[in-house]
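First up is the structure itself, then whatever we jot down about it.
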Amino acid sequence: MTRFAALSLPRWPTDRLRLSRTVLPDSLACPCVLTLSGAGGERLHALTAHGEAAGLTRGMGVADARTLVPALKAHPADPEGDRAALMRLARWCGRFSPWTAADPGEPGLDGVLLDITGCARVFGGEAALMDRLVGEVRALGLEAHGAVAPTLGLAWALARFAAPGDARGWAGANGPRGVLDALPVEALRLGDMAATLRRFGLKRVGDLFAIPRADLARRFGTDPVRRLDQAMGLEREVLDPLQPRADLRARVRYGDGQQTLDAVKDGAARAIERLCAELEREELGLTRLRMTLYRVDGQARDLIVGTARPSRDAAHLVRLLNERLDRAEIDIGFGIDLFEAAASLASPLTGGQGDFHGAGEAEADMMRLADQLMARLGREAVMRAEAGDSHLPERAGRFVAMDGQAPAWPQRREVRPLLIFDRPEPAEAVAEIPDGPPRQFTWRRIRHRIARAEGPERISPEWWRAAPGSGPGRTRDYFHVETENGRRFWLYRDGLYGREAGQPAWFVHGAG
């Protein structure tokens, strides 16, 4: 059966302010608020417990708040920073479930959602998992509460609105209905609709159950009915995880954090070996390995290793990862207690047989070299040549990342010079009219007399690339020429004489 866990962080903005060390801890001992500027001036956005105890409320003007608390400490709020930090915390919660999602909301409603289906037995049951999750989050310095339920809506409601003793799970003679009856209407995630329901005297979820569904939808819309069905499990609601579900992953967990680089390499190697064993059973190979290192203090670091073609060679992948570890300057902190290796990109891989000439082994060695260069220099620094979808020389080939293919130059039948310029350079040429080869040309202020010429190779314009309202472009006639002093050039005439141009232009496009 599907099980969900919800983590509630009622003081997330102010807790993050305190943990960021941008203010002294003593300043949070007195009433402290976070403010946002709006049409009505600066207003209170989030409060500490001391601020609430002093009678302050969200939405109150800062000037009014200072009349109640003259010693008020006000700091600017950072909603975007809060949301980004909550995403990082959701990543950290990946040590309890691979499927987590940040759940930002108004101050007091922030949290993290987890799909813990099949994960509880690893920790000794749901109660033990929640005890460890909430305990470790509180150890980070955050106020936190948690709950487990068979639906996302019920877990969310229990974590935020149930009494601490009732938030561990759900029970009652009437199942979820017995738990929801006593909760406030805000527990249904209705936003501003909850205030509307309260104005009509509907303060508890049980009050909504007493109204026929058709009447409830007719008066207040379909949102209350949909949220009720989701909390009861009558309408399916799934978690949209922060990390996409990897096809294959392997984890290695240590009771104590690994505190040296050699120990970290050893833990990562064990995770890779387990992952490669899974890949072999599935007859798959990976082209991108993601190694996630979870520190005991809550930080997580990702390292990405790519291969030029699918591989499940554990020794090779470990060497590539060690290259990254040696250069990434990993901050181990108090130790790394969890290693996760995931095959971000996997494809079928079956055994192959080399030929008698050793060509297969040579290609494999070249691909391993490319993998090592990518690990050392970066994936963007190692490229392969690929044929382009164009006959124009400047677009006939390009360099792309080595995504599972061996490097190879475009195989074309046309003869090309050793050097092709990125952009053709203008030249002045003397040639027979209308389409004869050039006899001499001036390029970069130097005149060249031509001894031999070969061509033309005619390339038509790409009419489909023409800008709206403009012509289709000009035809090019390319010539391979050799000058009297032995130099070779590649020239072309831009435009057909008398048809596309009154006086065609000439360009030098290559040499050698």
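- Side chain of Arg204 to backbone of Ala182: a donor-acceptor contact under 3.5 angstrom is found.
- Arg160 has a carboxylate O that lies under 4.0 Å from a charged side-chain N of Asp103, or vice versa, which qualifies the two as a salt bridge.
- Side chain of Ser97 to backbone of Asp115: a donor-acceptor contact under 3.5 angstrom is found.
- Under 3.5 Å, the side chains of Thr260 and Asp262 contain no donor-acceptor pair of N or O atoms.
- Between the side chain of Arg295 and the main chain of Ala300, no donor-acceptor pair closer than 3.5 Å is present.
- Legend: residues meeting side chain to side chain contact (heavy atoms under 4.5 Å, CB included) with Asp192, ordered by chain and number and at least two apart, are absent.
- Partners of Phe339 according to the ring-ring contact (aromatic ring centres under 6.0 Å, His included) rule, which considers only residues two or more places apart in sequence or in another chain, are Tyr254.
- The side chain to side chain contact (heavy atoms under 4.5 Å, CB included) check on Thr67 picks up nothing, with sequence neighbours excluded.
- Residue pairs meeting the ring pair (Phe, Tyr, Trp, His ring centres under 6.0 Å) criterion with at least one member in residues 304-332: none, sequence neighbours excluded.
- Screening residues 188-240 for ring pair (Phe, Tyr, Trp, His ring centres under 6.0 Å) gives Phe200-Phe220 as the qualifying pairs, with residues at least two apart or on separate chains.
- Under a 3.5 Å cut-off, the side chain of Asp337 and the backbone N or O of Asp256 do not form any donor-acceptor pair.
- The pair Glu278-Arg274 does not meet the salt-bridge criterion, since no charged nitrogen lies less than 4.0 angstrom from a carboxylate oxygen.
- Contact check on Glu80 versus Arg83 returns a salt bridge, with a Lys/Arg side-chain nitrogen under 4.0 Å from an Asp/Glu carboxylate oxygen.
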Listing, residues 31-42 side-chain donor-acceptor contacts under 3.5 Å, not counting sequence neighbours, or none:
| from | atom 1 | to | atom 2 | distance (Å) |
| --- | --- | --- | --- | --- |
| Thr35 | OG1 | Glu42 | OE2 | 3.3 |

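- Salt bridge Arg312/Glu282: absent, no basic N to carboxylate O contact under 4.0 Å.
- One finds a salt bridge joining Glu186 and Arg198 here, because a Lys/Arg side-chain nitrogen approaches an Asp/Glu carboxylate oxygen to under 4.0 Å.
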